[in-house]
Amino acid sequence: MSQILSLLLLGLFATTSTQVYAQDGDGDAARGGGSVPTYKNPKASIEARIADLLPRMTLEEKVAQLIQGDMGGWMNFAESVISPPLDNTLTHNQTGLEEMMRLKGGSIWAGYSSTFEKFVYGVTVGQKYLLEKSRLGIPAFIQSEGLHGFTNNGTIWPSPVALACSFNRDLLQAGAKTISDEAEGVGINHLFAPVLDLGRELRFGRVEEGFGEDPYLTGEMGKAFVTGLQSGARRNTSSTAKARMASTCKHFAAFGSPQGGLNLGQVSGGERELQTTYVRPFAKACKDSLSIMTAYSSYDGIPAVSNKHLLTDILRNQIGYNYWVTSDAGAVDLLHSFHQVSSGREQDAKLAVENYSGEMGGGTYTYLTLVDQVKNGKVDIKYINKTVEYILRAKFSLGLFENPYPYADYAKTIRSASTKAKLLEMERETIVLLDNKSKTLPISKSIRSVALIGPSANKVIFGDYTFHGADKWGTTPLDGFKKVLANTSVKINYAKGCELWSHEETGFAEAVSAAQSSDVAVVVVGTWSRDQNELWQGLNATTGEHVDVADLGLVGAQLPLVKAIKATGKPTVVVFVSGKPVAEPWIAEHADAVVSQFYPGELGGIALAEVLFGDVNPSGKTSVSWPRSVGTLPAFYNYLKGSRPVDPGYIADDGSLHFGHQYVLSSPVPLWSFGHGLSYTTWSYSGLTLAKQNLGAGEPLKLSVTVKNTGTVAGKEVVQIYVTDVLSSVVVPVRNLVGFSKVELAAGASAKVDFTIPATEFGLWSMDNKWIVEPGLFTVTIGPSDQVFANSTFTVTS
């Protein structure tokens, strides 16, 4: 912290003294004198503190807790998005501060690209005012994004769809911890992450934000992320504080599967699909998350933000969730302006708060009507009280009443060496080797030259929810090639070839020449997203929030470029840098090797080069199935039995038509299915053993299997366990992932891997609307979703 900032903050603290509040005869907190009220006693239990504080609050103070304010109300960040220079004026608007905290002081949006010095000043001013000048001294949530990195100039990690390809819970938890490390120091205490929307509707622009198509993997990775963000405690807080950061599981629920893949579109489905597919990741990952965000969309015709069955019956009663729930930005207004189930702002607010949710900004702040609605008898104050109870529980769990402030040594945790080391480890594990004909990869460092071609070959492409200017921290594939080949004699022949967003082919000649002059060609193509400023300014993109597509193929001249390079006769490696699967069956059939790098983080270029040249053995498994075309959707592996008949046709390279029925000229079978990913070594499985072949009701499945590295190089393998209910009372998926473990083995080494699978993982939602495990025969298989390396059966008795 600079000397000037230290002096300014010292001055702020010197202007006021700590106030002690006592309860007066009317139940209010009086300034000065008296004993410390229970809610300010750090040794009291959280529930006792809530019970003491809530009756002291006026109706106006309660409502203010439910509405998200904005740090821009007292800080000028207008110039801070221009780089360079960043405005660093350490001043604030006192009138704006007081008005913001009076009406919207429960949560404060602070996702601004500012200098850390200025940001820390703003947070300190805001929290100090609340603790020392407001009547009750209730601190605020200070909020930002943390989807794949702390977006206020923090370290950018790979997008979640990529993180899930690692199948590495421990590494993800460690990565999420570093996000909190960076955010906590500057005063952020509430991050909007993780996203648990499932990537089952691939036209939807936000596929990159979730952990893939599978409920189990999403729940497991989501839980690891929540644990990483929250575990520990803030400095100098109460002994009852149980978290250092509030994570936000979103978007509850089913938001990722809109009709037509269109942003905000309705989600169609019944209770069984809701409970079996969409609710389970939240139930697993988020019961202890200190906040949950609702979805914009409707499910079965009922908007999520006002869905009593979803938010009260399921979330509060079935799951037992007891913390803060908030709407998404402007979502409450959509009840009348978009869904048209409300007559206006007052009814919007009533419908939402009666499901115990707060209101995020971005709309007209409908909750400002609640004070009058309560006074006029339109809204029962019990809903206000209960919702305030939830937010207070989250704040006490963070220890904010003792210390809501930034730390003086915040700079030590920003882009630390340990964070970068973890990041590089994760970058490596997210890369998936989809195909490797004739062992084209890894590329030898003894060759004379390599061509690096494509519009994404010298471009930093992060996913959405990154800050403006973040690309300056990134590494391109070309950067990675230069680093990895620095001490070799391999020449890099780089050519862009074409733009991502154009049909223009004037760069083809240079690209073809580069390939012809090289021993092997690497072509980097794919999709692209934008940072949060550019995305909402309307710049072109093919993935990201409100960027939905009708075609999953490559845009513009990218596919012709790949074909032109392949036509040179040189071994051609295609790398997809993308936010979702790219549907290009020609590439799958003709490229000599295909690699997927879902949007990487800051060190993605280095990790990609390490994998391509064999410094790192790829271990990623795709978290999303890759369809042949948009017309063959959905492509997810766990479809219901009988739902994917296969009688394919095809169009040959010479244009001849070969007719089938499912589909006439294509196939519903994906190019690469969930869980697929190759290695530079080989693996064998043996000794699959079930502890018991017959399980009683509720008894877990215990099994072990031995995996051996039968190749010549060390590697990491993801052991995947799938279960199928052979005969059931309702139609169930053909298989479900129920367990996985990542093991690292030297060449020739083997390991026995043990699993304990809770019985609930092979249950179903019954015709009586209950989650049960039916008696009968089950199969268990080892391998990715479309292969069987080992298998057995077990029986559940009644």
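- Contact detail for Pro733 and Asn638: the closest heavy-atom pair is CB-O, 3.5 Å.
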Inset, instruction - List the steps, then state whether side chain to side chain donor-acceptor pair (under 3.5 Å) holds for Asp214 with Tyr637. - result: CA-CA 8 Å; Asp214 180 65; Tyr637 82 93; 2.6 Å; yes
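- Around the NE2 atom of His503, the shell of radius 6.0 Å holds no more than 12 heavy atoms that belong to other residues, nucleotides or ligands.
- Residues His148 and Glu208 have side chains that never bring a donor and an acceptor to within less than 3.5 angstrom of each other.
- Counting only N and O atoms by type, the side chains of Asp464 and Ser529 include no donor and acceptor under 3.5 Å apart.
- The SG atom of Cys249 lies 5.5 Å from the CD1 atom of Ile292; values are rounded to the nearest 0.5 Å.
- With Phe576 as the fixed residue, the ring pair (Phe, Tyr, Trp, His ring centres under 6.0 Å) test singles out one of Trp626, Phe598, Trp528: Trp626.
- The CD1 atom of Ile179 sits 11.5 Å away from the OG atom of Ser247 when rounded to the nearest 0.5 Å.
- A heavy-atom distance below 4.5 Å is not found between the side chains of Asn736 and Val723.
- Here Lys308 contributes atom NZ and Ile314 contributes atom CD1; the two are 10.5 Å apart, rounded to the nearest 0.5 Å.
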Inset, instruction - Step by step, work out the side chain to side chain donor-acceptor pair (under 3.5 Å) result for Ser785 and Ser673. - result: CA-CA 7 Å; Ser785 67; Ser673 191; 2.8 Å; yes
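- Of all non-hydrogen atoms in Met221 and Ala164, the two that sit nearest each other are CE-CA, 3.9 Å.
- The only option from Thr312, Thr387, Thr294, Asn307 that meets the side-chain hydrogen bond (donor to acceptor under 3.5 Å, both in side chains) definition with Asn355 turns out to be Thr312.
- Residues Pro627 and Leu202 have side chains in contact (heavy-atom distance under 4.5 Å, counting atoms from C-beta outward).
- A side-chain N or O of Thr151 and one of Ser144 form a donor-acceptor pair less than 3.5 Å apart.
- Gln532 and Glu145 form no side-chain donor-acceptor contact under 3.5 Å, judged by distance and modelled atom types alone.
- Two residues are said to be in side-chain contact when any heavy atoms from C-beta on lie closer than 4.5 Å; Glu209 and Asp197 fail this criterion.
- Taking 4.5 Å as the limit, some side-chain heavy atom of Val525 sits within range of a side-chain heavy atom of Pro455.
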Inset, instruction - Begin with the C-alpha distance, continue with both residues' side-chain angles, and end with the deciding distance and a verdict on side chain to side chain donor-acceptor pair (under 3.5 Å) for Glu584 and Gln558. - result: CA-CA 11 Å; Glu584 289 293 359; Gln558 293 183 86; over 6 Å; no
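- The existence of a salt bridge linking Lys350 and Glu346 is excluded, since no basic side-chain nitrogen approaches an acidic carboxylate oxygen closer than 4.0 Å.
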Inset, instruction - Applying side-chain contact (heavy atoms from CB on, under 4.5 Å), run through Ile461 and Leu500 and close with a yes or a no. - result: CA-CA 11 Å; Ile461 304 178; Leu500 283 165; 4.1 Å; yes
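- Residues Asp531 and Phe462 are not in side-chain contact: their nearest non-hydrogen atoms beyond the backbone lie 4.5 Å or more apart.
- Cation-pi geometry between Lys250 and Tyr465 is satisfied (NZ or CZ under 6.0 Å from the ring centre, within 45° of the ring normal).
- At distances below 3.5 Å, at least one donor-acceptor pair connects side-chain atoms of Ser327 with backbone N or O atoms of Met360.
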Inset, instruction - Quick one: do Asp288 and Val226 satisfy side-chain contact (heavy atoms from CB on, under 4.5 Å)? Show the steps, please. - result: CA-CA 8 Å; Asp288 294 323; Val226 168; 5.8 Å; no
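- For the residue pair Leu764 and Ser728, the shortest heavy atom distance occurs at CD2-CB, 3.9 Å.
- Open room surrounds NZ on Lys223; 12 or fewer heavy atoms of other groups in view lie less than 6.0 Å from it.
- Contact check on Glu761 versus Arg280 returns a salt bridge, with a Lys/Arg side-chain nitrogen under 4.0 Å from an Asp/Glu carboxylate oxygen.
- Panel note: side chain Asp471, backbone Gly474; no donor-acceptor pair is recorded below 3.5 Å.
- Counted by atom type alone, Ser578 and Thr527 present zero donor-acceptor pairs between their side chains at under 3.5 Å.
- A donor-acceptor pair under 3.5 Å links the side-chain atoms of Gln347 to the main chain of Ser343, judged by distance alone.
- Closest approach of Ala254 to Val267, counting heavy atoms only: O-CG2, 3.2 Å.
- The structure places OG of Ser456 at 10.0 Å from CD of Glu499, a figure rounded to the nearest 0.5 Å.
- Counting only distance, with no hydrogens or angles, the side chain of Arg272 and the backbone of Thr277 share no donor-acceptor pair below 3.5 Å.
- Taking the ring centre of Tyr639 as origin, the terminal cationic atom of Arg200 falls outside the region bounded by 6.0 Å and 45° from the ring axis.
- Once rounded to the nearest 0.5 Å, the distance linking OG1 of Thr542 with CH2 of Trp501 reads 10.0 Å.
- A pairwise comparison of heavy atoms in Pro281 and Pro215 identifies CG-O, 3.6 Å as the closest pair.
- Checking side-chain atoms of Ser625 against main-chain N and O of Phe674 turns up a donor-acceptor pair under 3.5 Å.
- Contact annotation: the side chain of Leu552 approaches that of Leu633 to within less than 4.5 Å [non-hydrogen atoms, C-beta and beyond].
- Under the 4.5 Å side-chain criterion, counting only non-hydrogen atoms from C-beta, Trp536 is in contact with Glu545.
- Under the side-chain contact (heavy atoms from CB on, under 4.5 Å) test applied with Arg628, the options Pro648, Ser667, Pro670 reduce to a single match, Ser667.
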Inset, instruction - Give the C-alpha distance, both sets of side-chain angles, the deciding distance and a yes or no for side-chain contact (heavy atoms from CB on, under 4.5 Å) between Asp725 and Phe762. - result: CA-CA 7 Å; Asp725 189 342; Phe762 41 91; over 6 Å; no
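- With ring centers used as reference points, Tyr390 lies 6.0 Å or more from Tyr321.
- The aromatic rings of Phe255 and Phe204 sit perpendicular, their planes meeting at an angle over 60°, well past the 30° parallel limit.
- Counting only distance, with no hydrogens or angles, the side chain of Glu201 and the backbone of Arg203 share a donor-acceptor pair below 3.5 Å.
- A donor-acceptor pair under 3.5 Å is absent between the side-chain atoms of Tyr296 and the main chain of Asn263, judged by distance alone.
- Phe338 and His336 have their aromatic ring centers separated by at least 6.0 angstrom.
- Using cut-offs of 30° and 60° for the angle between ring planes, the Phe740 and Tyr216 rings count as perpendicular.
- Taking both residues in full, the closest heavy atoms of Ala588 and Asp435 are given as O-OD2, 3.6 Å, listed atom of the first, atom of the second, then distance.
- Side chain of Thr326 to backbone of Met293: no donor-acceptor contact under 3.5 angstrom is found.
- In this structure, the side chain of Trp672 engages the main chain of Leu434 through a donor-acceptor pair within 3.5 Å.
- Using modelled atom types and a 3.5 Å distance limit, the side chains of His190 and Ser291 yield a donor-acceptor pair.
- By the 4.5 Å heavy-atom criterion applied to side chains, Ile431 and Glu427 are not counted as neighbours.
- Side-chain N or O atoms of Gln230 include one that pairs as donor or acceptor with a backbone N or O of Leu290 at under 3.5 Å.
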